[in-house]
Amino acid sequence: MAYVSNIRMFVRVYELGSMSAAARDQRTSPAVASARIAELEKHLGLRLFNRTTRSLQPTENGRIFYDGARKVLEAIEEAESAVAQTAENPRGTVFVAAPLGVGRRFIAPHIPAFKDEYPQIDLRLRLSDRKIDVVAEGLDMAFHIGRLEDSTLKVRLVADCPRILCAAPSYIDRRGNPVDGEAIVKDGHDCLNLRFPGATEFRWMLQTPTGPERFNITGPFESDDGDVLTGWALDGRGIVMKPIFEVADYLRDGRLVPVATATPPTATQLVCLTQHRRLRDPKIRLFTDFITARMRAEMAAAVDGLSL
């Protein structure tokens with residue numbers, strides 16, 4: 001298995017472009033990662049990467065070897081999945097990514113119960129509100145809030161997610177409650193926006209009498225963590241756009257109130273993205289079915305009886 005481990009390390013170094021990043025991904029040290037690459041290069045009798053103090057780039061041989069190496073790992077994964085399915089004994093590790101708020105509220109609390117039911121399956125949960133590349137980051141699945149214009153991944157709808165514009169009463173007392181998106185822009189309201197490296201959306205899509213329209217909002221605060229935005233809104237620092245299930249409790253107790261209700265945000269979706277080939281893996285299918293059922297139930301319960 002040492003050779004397979006070396007190939008797996010090579011693939012992650014190639015995909016992540018960094019020895020240290022690949023080492024973290026494989027839960028080892030940069031020294032071990034470097035040693036595995038060196039051992040693989042010695043076995044092949046050629047250099048796979050050109051290294052300098054500032055960069056690491058694959059050689060032409062490295063690019064050629066990557067295509068075959070990726071296929072080798074995929075074949076091993078499929079063979080292991082087939083054996084596990086036949087033996088009705090799923091095992092291995094599932095790598096999952098999710099937005100911070102969704103992961104904390106609706107996924108992390110259920111992982112121990114899944115582990116109790118399937119003790120030979122391990123879970124690795126990564127939480128981030130940034131855009132996730134499922135393939136490049138070696139993930140089995142990723143939960144995503146938002147509509148996908150195009151994707152080569154298998155997309156499974158978890159839930160439709162109506163959204164709301166809301167702010168704390170202290171903010172409304174100070175700045176007023178804008179009637180619609182036009183008033184938000186015209187009066188220069190402080191808007192709390194989710195932004196991260198690589199983000200392409202800097203406007204809010206709101207429903208108007210003539211159809212969906214984008215509004216160029218501005219504000220003094222931005223973050224790549226949706227929960228940070230909610231915290232700022234609760235502190236009276238501005239208007240935030242959130243899926244209703246994320247702020248339902250605050251709307252019930254009055255800590256946040258709806259604003260610009262004449263032009264509510266367009267709804268979004270929570271989806272689960274999976275590489276097509278991974279769907280044949282029983283542990284992936286088991287976790288997907290397990291967690292999506294519980295997420296749907298809890299999201300529905302979060303907004304049940306809420307009057308807006």
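Just the heavy atoms: all of them, side chains too, but no hydrogens, waters or symmetry mates, feed the values below.
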Legend entry - Pairs satisfying side chain to side chain donor-acceptor pair (under 3.5 Å), at least one member in residues 159-170, at least two apart: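 Residue pairs with at least one partner in residues 159-170: Asp160-Gln269, Arg163-Thr266.
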Inset, instruction - If a pair satisfies side chain to side chain donor-acceptor pair (under 3.5 Å) and one of its residues is in residues 229-243, list it, with sequence neighbours excluded. - result: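 Passing the test, one end in residues 229-243: Thr230-Lys242, Asp235-Arg237, Lys242-Glu246.
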To check you understand the geometry: which heavy-atom pair defines the closest contact between [X] and [Y], and what is its length?
{"X": "Ala183", "Y": "Pro178", "value": "CB-CB, 3.9 Å"}
{"X": "Ala159", "Y": "Cys161", "value": "O-SG, 3.5 Å"}
{"X": "Leu139", "Y": "Ala97", "value": "CD1-CB, 3.6 Å"}
{"X": "Cys166", "Y": "Leu256", "value": "SG-CD1, 3.9 Å"}
{"X": "Ala248", "Y": "Ala302", "value": "CB-O, 3.2 Å"}
{"X": "Gly254", "Y": "Pro169", "value": "O-CG, 3.4 Å"}

Subject >> For Ile64, side-chain contact (heavy atoms from CB on, under 4.5 Å) partners two or more places apart >> reply: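 Scan of Ile64 (side-chain contact (heavy atoms from CB on, under 4.5 Å), adjacent residues dropped) gives Glu60.
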Pair [X] + [Y], salt bridge at N-O below 4.0 Å:
{"X": "Asp227", "Y": "Arg104", "result": "yes"}
{"X": "Lys115", "Y": "Asp122", "result": "yes"}
{"X": "Arg70", "Y": "Glu15", "result": "yes"}
{"X": "Glu117", "Y": "Lys283", "result": "no"}

* Asked: What's the verdict on side-chain contact (heavy atoms from CB on, under 4.5 Å) for Arg156 and Thr288, showing C-alpha distance, side-chain angles and the deciding distance?
  -> CA-CA 9 Å; Arg156 177 173 178 173; Thr288 303; 3.1 Å; yes
field: Results of ring pair (Phe, Tyr, Trp, His ring centres under 6.0 Å) for Tyr250 - residues two or more places apart only
entry: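 Applying ring pair (Phe, Tyr, Trp, His ring centres under 6.0 Å) to Tyr250 gives none.
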* Asked: Around Glu182, counting heavy atoms of other residues, nucleotides and ligands shown, do more than 12 lie under 6.0 Å from its CD?
  ->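 No, not enclosed.
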Answer whether the closest heavy-atom distance between the side chains of [X] and [Y] falls below 4.5 Å.
{"X": "Phe215", "Y": "Ile184", "answer": "no"}
{"X": "Phe143", "Y": "Leu270", "answer": "yes"}
{"X": "Ile239", "Y": "Leu192", "answer": "no"}
{"X": "Ile121", "Y": "Thr93", "answer": "no"}
{"X": "Arg8", "Y": "Leu73", "answer": "yes"}
{"X": "Val257", "Y": "Ile172", "answer": "yes"}
{"X": "Val11", "Y": "Val13", "answer": "no"}
{"X": "Leu194", "Y": "Glu222", "answer": "no"}

Got a sec, which pairs hit ring pair (Phe, Tyr, Trp, His ring centres under 6.0 Å) with one end in [range], sequence neighbours left out?
{"range": "residues 92-113", "answer": "Phe106-Phe245"}
{"range": "residues 116-142", "answer": "Phe114-Tyr118"}
{"range": "residues 166-193", "answer": "Tyr171-His189"}

- Query: Any side-chain donor paired with an acceptor under 3.5 Å for Glu39 and Tyr3?
  - Reply: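 Note: Glu39 and Tyr3 side chains miss the donor-acceptor criterion.
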Inset, instruction - Could you verify whether a donor N or O on one side chain and an acceptor N or O on the other, from Asn216 and Trp204, lie under 3.5 Å apart? - result: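 Absent: no donor and acceptor within the cut-off.
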Contacts of type salt bridge (charged side-chain N to carboxylate O under 4.0 Å, His left out), residue [X], not counting sequence neighbours:
{"X": "Glu137", "result": "Arg130"}
{"X": "Arg252", "result": "Asp249"}
{"X": "Arg174", "result": "none"}
{"X": "Arg255", "result": "none"}

Whether Arg294 engages the ring of Phe290 as a cation-pi pair (distance to the six-membered ring centre under 6.0 angstrom, angle to the ring normal within 45°) should be assessed.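 The answer is yes, since Arg294 meets both limits relative to Phe290.
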Could you give the distance from [atom1] ([X]) to [atom2] ([Y]), rounded to the nearest 0.5 Å?
{"X": "Phe65", "Y": "Thr59", "atom1": "CZ", "atom2": "OG1", "answer": "11.0 Å"}
{"X": "Ser34", "Y": "Phe49", "atom1": "OG", "atom2": "CZ", "answer": "10.5 Å"}
{"X": "Asp224", "Y": "Asn193", "atom1": "CG", "atom2": "CG", "answer": "12.0 Å"}
{"X": "Arg214", "Y": "Arg203", "atom1": "CZ", "atom2": "CZ", "answer": "5.5 Å"}
{"X": "Cys272", "Y": "Lys154", "atom1": "SG", "atom2": "NZ", "answer": "11.0 Å"}
{"X": "Asp225", "Y": "Ser128", "atom1": "CG", "atom2": "OG", "answer": "8.5 Å"}

ask   = Short question: side chain of Glu41, backbone of Leu48 - any donor-acceptor pair under 3.5 Å?
value =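 Indeed, once roles are kept as given, a pair shorter than 3.5 Å links the two residues.
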inquiry  = By the definition side-chain contact (heavy atoms from CB on, under 4.5 Å), identify the one residue from Ile107, Val158, Leu157 that meets it with Thr292.
reply    =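 Result: among Ile107, Val158, Leu157, Val158 is the only option passing the side-chain contact (heavy atoms from CB on, under 4.5 Å) with Thr292.
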Worksheet item: Side-chain heavy atoms under 4.5 angstrom apart, residues restricted to Ile, Leu, Val, Met, Phe, Trp, Tyr: same cluster for Ile37 and Leu16?
Response: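 No, no single cluster joins them.
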Check against salt bridge (charged side-chain N to carboxylate O under 4.0 Å, His left out), Asp25 and Arg126
CA-CA 11 Å; Asp25 181 81; Arg126 302 174 184 173; 3.0 Å; yes
So, using side-chain hydrogen bond (donor to acceptor under 3.5 Å, both in side chains) as the criterion, who are the partners of Asp180 when residues are at least two apart?
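For Asp180 there are no side-chain hydrogen bond (donor to acceptor under 3.5 Å, both in side chains) partners, ignoring immediate neighbours.
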